[in-house]
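Both counts, for ligands and for their atoms, begin at 1 and track the order of listing.
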Amino acid sequence: MAPKDNHYPTAELQALDAAHHIHPFSDSAAMRARGARVITQADGVWLTDSEGNRILDGMAGLWCVNIGYGREELAEAAARQMRQLPFYNTFFMTTHPPAVALSAKLAEIAPGDLNRVFYAGSGSEANDTNIRLVRHYWHAMGKPEKRTIIARKNAYHGSTMGGASLGGMGAMHAQGGLPIPDIVHIDQPHWWAEGDDLSPEEFGRARARQLEEMIDRLGEGTVAAFIAEPIQGAGGVIIPPESYWPEISRICREREILLIADEVICGFGRTGHWFGSQHFGIDPDIMTIAKGLSSGYQPIGGSIIRESVAEVIEASGEFFHGYTYSSHPVAAAVALENIRILGEEGIIDRVREDTAPYMAQKWATLAEHPMVGEARMVGLMGALELTPDKAARAAFANEGTVGLMTRERCFANGLVMRHVGDKMIISPPLVITHEEIDRLIELAWQSLDEGMAQAKAEGAFTA
Ligand SMILES: *Cc1c(COP(=O)(O)O)cnc(C)c1O
């Protein structure tokens, strides 16, 4: 395919980019040495770069383009709304039809009595809202000392001060003096890397019980909430053992704390259900949403809140909190159209009943690769654990080196598959076909071969 002619030559774009654009989560020196990758258009699951190369997007952008690229209906919904009412706020007792319609729709698809929505511009902002909201809730309940939020190491909850504090990424905490006060972290349920000699089920229960131990250590009267992703995404698609969520649920039921499920990745079909909580039988008080909510076509996030919790907030007077772009009409209109298509076209049902089982079967074959210690997947999110020694579940000596080599081979071969340390992770658009899955697996196998060969040649293939 010829490159689109509506942009400068690639080298010029790269030079201007390097001169004026600071990138999120990028090593600027490395990027300048090579030039940023320039993506110019996309369709379905395929990206096109500025040189006309087609790349299979195994990450759905950043876990968000659930519906796939190029849906005219979403562009139309945005254009229609921009013409009619491009912006109005929902502060000071005002609303508009897209905010009303989206809220009613979210209440309909969210489980149980999760019936009220507070909007943000992103998942990070929504989690900042959650911090203020749960503390304000306990204050209104006459228990202002219940402030501490328990989260998990290696969780990802966003990049704002609050979101990054809830997250358990050491490298993020090291920059900027995080976490903020009254946020603590327990260990993650990552059996492959941390389970030692325990069975996955024993390990899952043990990790869940850390929540109970932490509540006891801090004193139940000081704990506001526990927050967790049903499946950790950015941490490396860490799928908890089956014993984990039932035990967490028991603890949250028995103790007086709120449970926040961060559904930013797991929501909107990723696991083959509307929400990851439904996959695991979790009964949260609050769900954080973003990403797949609009399939990334517009920036929008939010918190879906249990009615009984919202009523306490509502009865306590004005909640002094809001973003200019809370319930932005264009973003809301696009999200609503996205949800309509996900539902009416049966995309989520197809993931659950057809695509995910097919993908899981193909993905499992990658575990036969000599460098892959585990191939795990739920719905359409999965990971490979790269290892120099499968039997020992050994880590590479120089963590992340082989993962990076393999990711670079993937890009060169026309596949976006990210690496987190030495885990390779995948989260394709939910509209991926069997044929495209076959291609993805072929490209992944080839890239694993090449990554392993390079690791061996460069002496990096050691425990
Ligand atoms: C991406 C992500 C966020 C942050 O969302 P942004 O829209 O990037 O602010 C929060 N939680 C989880 C689980 C995420 O994956």
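- Checked against a 3.5 angstrom limit, the closest N/O atoms of Glu229 and ligand 1 fall outside it.
- Between His273 and Phe275, the ring centre distance reaches or exceeds 6.0 Å.
- Residue pairs meeting the ring-ring contact (aromatic ring centres under 6.0 Å, His included) criterion with at least one member in residues 165-190, sequence neighbours excluded, are His173-His185.
- Remark: ligand 1 and Glu125 share no N or O pair separated by less than 3.5 Å (distance only, no angle test).
- For the residues Ser124, Pro24, Ala164, the heavy atom positioned nearest atom 9 (O) of ligand 1 is part of Ser124.
- Trp138 contributes atom CH2, which lies 5.5 Å from atom CG of Leu258 (distance to the nearest 0.5 angstrom).
- Atom numbering of ligand 1 starts at 1 in the shown order; those under 4.0 Å from a heavy atom of Gly123 are 4 (C), 5 (O), 6 (P), 7 (O), 9 (O).
- With sequence neighbours excluded, the residues forming a salt bridge (Lys or Arg N to Asp or Glu O under 4.0 Å) with Glu385 are Arg376, listed by chain and number.
- Ligand-side atoms of ligand 1 in range of Asp262: 10 (C), 11 (N), 12 (C), 13 (C), range being under 4.0 angstrom from any heavy atom.
- Counting only heavy atoms from C-beta outward, the side chains of Thr48 and Asn53 never approach each other to under 4.5 Å.
- Lys291 NZ, 2.6 Å is the protein heavy atom nearest to atom 2 (C) of ligand 1.
- Taken from CG in Asp262 to CD1 in Ile227, the straight-line distance is 5.0 Å, to the nearest 0.5 Å.
- Protein heavy atom in closest approach to atom 12 (C) of ligand 1: Tyr156 O, 3.4 Å.
- Atom numbering of ligand 1 starts at 1 in the shown order; those under 4.0 Å from a heavy atom of Ile265 are 15 (O).
- Every atom of ligand 1 is numbered from 1 in the order shown, and the set under 4.0 Å from a heavy atom of His157 is 10 (C), 11 (N).
- Considering backbone and side-chain atoms alike, Ala290 places every N or O at 3.5 Å or more from each N or O of ligand 1.
- When side chains are defined from C-beta on, Ile304 counts as touching Leu106, because their heavy atoms get closer than 4.5 Å.
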